[in-house]
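Here's the structure we're looking at; comments come further down.
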Protein chains: 2
Amino acid sequence: MNDRKRQVLLTAQRLFIDKGFSTTSVQDILDESNISKGTFYNYFSSKNECLKAILEHAHDETTVRRHELLIGQNLSDKNILVEQILIRMHLNREHNLLPIFEAVFHSGDSDLRGFIKNMLLAEFSWLTRRLVDVYGKDAVPYAADCAVMLFGMMQQILHAWSAVSKEEMDSLKLVTFLLRRIDSIMPGMISTKDAFFTEDVFSKLSGDVEDQTETKEQLLERLAGFSDSLVDDALPAGKQYIQFLLEELRSECPRIFVLESIVRSFRETFKGFSNEPEAQELAYKVWRYVDTLD
Amino acid sequence: MNDRKRQVLLTAQRLFIDKGFSTTSVQDILDESNISKGTFYNYFSSKNECLKAILEHAHDETTVRRHELLIGQNLSDKNILVEQILIRMHLNREHNLLPIFEAVFHSGDSDLRGFIKNMLLAEFSWLTRRLVDVYGKDAVPYAADCAVMLFGMMQQILHAWSAVSKEEMDSLKLVTFLLRRIDSIMPGMISTKDAFFTEDVFSKLSGDVEDQTETKEQLLERLAGFSDSLVDDALPAGKQYIQFLLEELRSECPRIFVLESIVRSFRETFKGFSNEPEAQELAYKVWRYVDTLD
DNA sequence: GCATGTTTTGGACTATCGGTATAATATATT
DNA sequence: AATATATTATACCGATAGTCCAAAACATGC
């Protein structure tokens with residue numbers, strides 16, 4: 001991903017958040033980011049694809065940061081779950097990307113709709129898994145229901161809030177409030193065996209709908225490629241980390257905790273540099289791969 | 001409201017539900033309802049106004065039928081509340097207008113957005129009042145929260161359902177399921193005094209946001225006008241009812257239960273006739289007025 | 001430094017959209 | 001029959017997403 005392209009992407013994101021997707025014309029993006037129409041359509045094959053890229057970027061960022069929060073922590077810690085949910089809200093300039101999600105969901109392009117749908121399902125899937133982490137194995141048949149309901153409550157409360165108040169929403173207050181509601185709901189559902197989504201549907205909700213991980217070879221290749229792209233004198237630590245990662249990944253039995261630690265350091269190293277995004281993306285991919293090992 | 005205009009409106013509604021609002025062009029409506037562009041813009045000043053008319057119509061219809069369900073019933077009967085909620089879902093061809101609500105909410109036109117916002121607030125307001133009916137005075141500080149959450153859960157479950165299943169949703173099952181969740185939530189909120197929306201905001205949510213009622217004189221005038229518009233030989237019962245309503249409304253102290261009964265019969269009389277819509281609209285207005293008497 | 005290939009530019013162009021305007025025609029009313 | 005109102009068909013407008021392309025700017029290897 002080009003630096004220029006990324007800048008266009010961020011500009012577009014800001015405009016979409018400020019003005020809404022449909023009300024932001026391509027021309028607005030061109031004016032604001034000082035590129036020509038040709039360049040825009042060189043980067044993105046359409047306005048929709050531009051939005052897709054933005055959402056994908058936000059999704060990746062969210063996933064990485066949520067993963068980060070969990071390292072070395074107890075899976076059942078409810079506070080961590082709160083923080084993880086807050087990430088999505090805060091990341092999009094105080095929950096302003098979610099409306100875009102919805103706005104587009106019903107709007108026109110079926111391709112885009114499918115894309116959003118998958119993303120939504122991925123979010124449901126993630127939250128379902130996390131709810132099981134927090135509420136235990138007994139919650140398995142009801143976690144998907146609760147995940148969907150939690151999302152619905154959050155979204156609608158945000159709507160209602162923006163409709164009646166100009167003040168900023170206290171996200172933390174909202175999420176903790178909602179988790180207390182789940183605290184009330186979950187035991188009742190478990191004791192009365194009262195689930196809405198049946199097993200088969202539930203499996204689609206909780207199944208893995210995220211994009212598939214790359215193969216190990218592809219991953220190693222990208223890592224090596226990234227290392228080569230670095231100029232020799234700058235950030236020698238970065239190259240060292242990559243070298244170590246490559247060796248550990250190629251080894252007979254990679255040590256997961258070592259990998260996680262090194263990946264974390266690897267990401268930290270590139271914080272604030274121009275190639276941070278690519279480093280972050282790579283770190284995420286490695287993480288995803290490491291996840292499949294245990 | 002013209003018959004032709006009403007037919008155009010219904011055609012547009014069908015198209016909006018089938019194809020979505022933004023993807024349905026005015027030309028589509030023209031083709032489907034066999035009218036010219038001129039006629040359309042004679043009826044509606046814009047595509048947005050057309051949608052507004054549809055939503056207003058649906059809102060009125062919902063309100064009347066919900067009111068009907070409550071006559072002579074116990075306000076705290078939970079089954080009635082279930083039926084009332086189902087009306088909105090069933091009225092719009094299995095919940096398909098709700099997505100239009102949302103789609104437009106974030107999309108472009110600020111005038112339309114305000115309109116939808118008010119309609120949404122009216123719905124919150126109604127449900128808030130009904131939840132107090134059902135759960136008692138103790139629920140007052142928490143009813144608005146629960147109303148918003150109930151809506152959010154319903155909407156998101158509908159989303160999720162349509163994303164993972166082609167089968168038709170069992171609306172009754174959904175609503176009863178959700179009310180059981182409110183059963184779990186409400187006591188906890190009351191006992192821990194755990195409300196999200198504070199008093200001042202809450203008042204906007206539960207306040208009267210519906211369009212103001214007409215004055216008594218306007219109402220009587222419209223009733224008389226409608227009576228005059230009827231041909232003499234057809235539906236003499238209809239004219240009788242109107243005559244009675246006029247007299248009762250003009251009397252010193254109108255008897256509410258009598259008015260409610262007669263209005264009901266009045267509506268029934270015109271079921272299936274071409275002027276049913278106007279009769280229904282009038283019945284609704286009378287009902288609204290009668291409501292202000294006690 | 002020069003040549004080669006790639007990226008970017010800016011504008012002309014198309015098709016579709018919501019909406020306006022109007023002159024001709026059909027339908028009702030009196 | 002005359003007048004008024006409703007409807008039609010069509011041309012037009014400005015904005016939009018998206019295409020196309022030749023010229024300019026930039027980068028890269030020799």
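Per chain, numbering begins at 1; letters A, B, ... match sequence-line order.
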Query raised in the report: Base, sugar-phosphate alone, or nothing: which one does A/Thr39 contact when heavy atoms must sit under 4.0 Å apart?
Result: base
**Report entry** Gap between atoms CG and P, on B/Leu30 and C/dT16 respectively (whole Å)
**Finding:** 16 Å
Report task. Starting from C1' on D/dT16, measure out to CG on A/Asp28 and report it in whole angstrom. Result -> 11 Å
Requested in this report: Taking only the side-chain heavy atoms of B/Ser36 (C-beta and beyond), determine which of D/dA17, C/dG19, D/dT7 contains the nearest atom.
Outcome: D/dT7
Requested in this report: Examine D/dC20: is either OP1 or OP2 under 4.0 Å from a nitrogen or oxygen in the side chain of A/Tyr41? Give yes or no.
Outcome: no
Report summary line: Taken to the nearest whole Å, NZ/B/Lys5 to C1'/D/dT5 is 16 Å
Query raised in the report: Under a 4.0 Å N-O cut-off, is there an ion pair linking B/Glu49 with B/Lys5?
Result: no
Query raised in the report: For A/Trp161, does its backbone N or O pair with a side-chain atom of A/Ser165 as donor and acceptor, under 3.5 Å?
Result: no
Query raised in the report: Which part of the nucleic acid, if any, lies within reach of B/Tyr43 when heavy atoms closer than 4.0 Å are counted: base, sugar-phosphate only, or nothing?
Result: sugar-phosphate
Report summary line: Rounded to whole Å, the CG-P distance (B/Asn34 to D/dT7) equals 14 Å
Requested in this report: Check every atom of D/dT7, D/dT16, C/dG18 against the side chain of B/Ser25 and return the nucleotide holding the closest atom.
Outcome: C/dG18
Report summary line: Closest of D/dA17, D/dA9, C/dT9 to the A/Ile35 side chain is C/dT9
Query raised in the report: In terms of side-chain heavy atoms, does B/His159 have a donor or acceptor partner in B/Gln156 at a distance below 3.5 Å?
Result: yes
Query - Global bending angle along the helix from C/dG1-D/dC30 to C/dT30-D/dA1, which compares the axes of five pairs at either end, to 10 degrees - result: 10°
Report task. Test the A/Lys47-A/Phe40 pair against the cation-pi criterion, namely NZ or CZ under 6.0 angstrom from the six-membered ring centroid and within 45° of the ring axis. Result -> no
Report task. To the nearest Å, give me how far apart NZ (A/Lys37) and C1' (D/dC20) are. Result -> 12 Å
Query raised in the report: Would you say D/dC26 has OP1 or OP2 under 4.0 Å from some side-chain N or O of A/Arg4?
Result: no
Query raised in the report: Roughly, in whole Å, what's the span from CG in B/Asn42 to P in C/dG18?
Result: 18 Å
Report task. Tell me yes or no: between the side chains of B/Ser25 and B/Asp28, is some donor less than 3.5 Å from an acceptor? Result -> yes
Query raised in the report: Is it true that a side-chain atom of B/Thr269 and a backbone atom of B/Ser265 form a donor plus acceptor pair closer than 3.5 Å?
Result: yes
Report summary line: Between NZ of A/Lys19 and C1' of D/dA15 the distance, given in whole Å, is 13 Å
**Report entry** Charged N-O contact under 4.0 Å between B/Arg65 and B/Glu61
**Finding:** yes
Report summary line: B/Phe40 atom CZ is separated from C/dA21 atom P, nearest whole Å, by 17 Å
